[in-house]
Amino acid sequence: MASRVLLLTLLALAFSHSLASDPSPLQDFCVADLNSNVFVNGFVCKDPKIVTADDFTGHGLDMPGNTSNPQGSAVTPVFVQQLAGLNTLGVSLARLDFAPYGLIVPHYHPRATEIMTVIEGALHVGFVTSAPNFQLFTQVVKKGDVFVFPKGMIHFQFNYGDVPAVAISGLGSQDPGVVLIPNAVFGSNPPISDSILAKAFQLDKHIIDYLQSKF
Ligand SMILES: *[C@@H]1O[C@H](CO)[C@@H](O)[C@H](O)[C@H]1NC(C)=O
């Protein structure tokens, strides 16, 4: 009996260690070689002998993103794809711009917690916890305030004011990923069958077809 408990404990520990996350670096840095044809978890390292300070330097976050789109928002990422020096380090950054009443639609990051600070204007933000509670946590955050969106939680950021807003987010992955809920559900490629979505949302198929036509 005791040995069985021990075995189960060991198995549980083994599985908990097999859960994927951003890897801990095994060297000072591993600047991404974004052009390599070798597929690893992350990107292969550029030869350290030819790495320069530029590999750790990004530019352009002083520039507002283009918010002339239906949602009135823009995200300027500084992920590993933009800044190769982030490879294996488990962090990244983004600039968020909002036109008046601009929205970053409900979405989640499969690989990262997000910590955001408002540097201009004010935002109404929130996230929803997982089943069975689906609890909504919301807040109004103003210039200088900080809000954290836990990893994997569906969240949104809305500029409820009539002036532009700007925020900066740090993310706990070199490549956080993003799943935009409306696009993923109604704009998948190929589309999810309208009868499946009609049943899921308890709506008429015509309404589903209309929603799918929007994406
Ligand atoms: C912003 O995006 C809109 C829509 O795509 C485009 O028409 C416009 O030229 C862009 N503005 C700038 C400054 O790039």
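Starting from 1, each residue takes its place in the sequence as its number. Read the numbers this way: they start at 1 and go in the same order the structure lists the ligands and their atoms.
- Summary of contacts: the protein heavy atom closest to atom 5 (O) of ligand 1 is S68 O, 4.3 Å.
- Under the 4.5 Å side-chain contact rule for hydrophobic residues, M153 and V75 share a cluster.
- For atom 7 (O) of ligand 1, the protein comes within 4.0 Å by no heavy atom at all.
- Scanning all protein heavy atoms for the shortest distance to atom 13 (C) of ligand 1 gives N66 ND2, 4.4 Å.
- Defined by atom type and a distance below 3.5 Å, a donor-acceptor pair is missing between the side-chain atoms of Q135 and T129.
- Within the 4.5 Å cutoff, the side chain of F29 has no heavy atoms near those of the T88 side chain.
- A heavy-atom distance below 4.5 Å is not found between the side chains of I154 and F127.
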